[in-house]
Amino acid sequence: MKKKTVAALGVGAAVGAGLGVLFAPKSGKETREELKQKIDELKNKVKDIKMDDVKEYVDEKIKKIENELKDLDKEKAIKIVKDKAKKIEKECKDLAHYVKKKSEPVLQEAVEQVREKAIEVTKKAIEKLENE
């Protein structure tokens with residue numbers, strides 16, 4: 001088997017295991033911990049491989065996966081959602097102000113409903129992340 005094929009199989013298996021863990025019916029914290037564990041297991045297996053170029057390729061992919069996994073961190077996700085919520089609320093306020101300034105009463109009520117729904121949706125997203 002070619003070295004790249006072996007490396008691709010190894011990375012494919014790692015990604016598949018990672019995705020399986022992520023989509024399992026467990027809490028986010030549990031699945032992130034299991035994925036970290038699987039990555040550590042893969043790292044240990046890579047150490048035993050004799051082909052240097054395969055080891056380099058797999059190590060590089062593992063580092064990329066680990067960096068992406070860090071982005072799944074609960075606190076980071078909450079911060080991203082809160083930042084997005086602020087941006088959405090600002091855009092809704094800007095839209096409401098513009099419609100009011102242009103004296104479009106037909107649109108004012110619809111814009112207010114969008115603003116209220118956006119606040120509700122973002123609050124629920126933040127609550128869900130915080131309670132996970």
Side-chain angles (χ1 to χ4, degrees):
M1 206 180 284
K2 292 185 179 180
K3 292 178 184 181
K4 290 222 180 218
T5 304
V6 173
L9 287 172
V11 171
V15 170
L19 291 174
V21 169
L22 284 175
F23 291 107
K26 295 181 180 181
S27 76
K29 183 177 182 179
E30 288 175 316
T31 55
R32 286 189 297 273
E33 288 299 320
E34 285 184 22
L35 183 54
K36 288 177 187 175
Q37 183 181 10
K38 294 293 181 190
I39 288 172
D40 288 340
E41 289 173 15
L42 180 59
K43 281 182 182 178
N44 289 331
K45 289 178 182 178
V46 169
K47 289 177 185 176
D48 297 332
I49 296 175
K50 303 295 181 214
M51 298 174 280
D52 287 339
D53 57 334
V54 173
K55 286 170 80 170
E56 285 178 34
Y57 180 84
V58 173
D59 281 338
E60 178 184 320
K61 291 298 179 185
I62 288 172
K63 287 176 188 171
K64 286 182 180 180
I65 293 168
E66 286 177 320
N67 286 334
E68 293 299 324
L69 180 60
K70 288 176 187 173
D71 285 343
L72 294 177
D73 180 72
K74 181 179 177 180
E75 288 74 25
K76 189 171 185 176
I78 291 171
K79 182 185 180 325
I80 290 168
V81 171
K82 285 182 177 179
D83 289 346
K84 292 289 183 186
K86 286 179 186 176
K87 288 178 183 178
I88 291 168
E89 187 171 356
K90 182 194 177 310
E91 292 298 326
C92 288
K93 283 181 182 178
D94 290 349
L95 180 60
H97 178 72
Y98 177 81
V99 169
K100 187 174 181 180
K101 186 172 87 173
K102 294 295 182 179
S103 297
E104 294 292 338
V106 175
L107 295 177
Q108 287 179 9
E109 185 178 337
V111 168
E112 181 58 24
Q113 290 173 356
V114 168
R115 187 184 75 76
E116 289 173 4
K117 186 53 88 174
I119 290 170
E120 178 186 334
V121 168
T122 55
K123 280 183 180 179
K124 284 183 180 179
I126 292 168
E127 286 174 11
K128 185 175 180 179
L129 285 169
E130 289 177 336
N131 291 327
E132 186 176 277

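Every heavy atom of this structure was used, including side-chain atoms; hydrogens, water molecules and symmetry mates were not.
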side-chain contact (heavy atoms from CB on, under 4.5 Å) between Glu130 and Ile78, worked out: CA-CA 7 Å; Glu130 289 177 336; Ile78 291 171; 3.6 Å; yes
Check against salt bridge (Lys or Arg N to Asp or Glu O under 4.0 Å), Asp83 and Lys87: CA-CA 6 Å; Asp83 289 346; Lys87 288 178 183 178; over 6 Å; no
Worked check of salt bridge (Lys or Arg N to Asp or Glu O under 4.0 Å) between Arg115 and Glu112: CA-CA 5 Å; Arg115 187 184 75 76; Glu112 181 58 24; 2.8 Å; yes
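Distance CD1/Ile119 to NZ/Lys93: 7.0 Å, rounded to 0.5 Å. The structure places CG of Asp94 at 11.0 Å from CD of Glu89, a figure rounded to the nearest 0.5 Å.
A salt bridge does not link Glu127 to Lys123: none of the charged side-chain nitrogens sits closer than 4.0 Å to a carboxylate oxygen. Comment: Asp59 does not engage Lys63 in a salt bridge, judged by the lack of any side-chain N to carboxylate O separation of less than 4.0 angstrom.
Residue Ala85 comes nearest to Thr122 through the heavy atom pair CB-CB, 3.4 Å, listed as atom of the first residue, atom of the second, then distance. Between Val111 and Cys92, the shortest heavy-atom distance links the atoms CG1-O, 4.1 Å.
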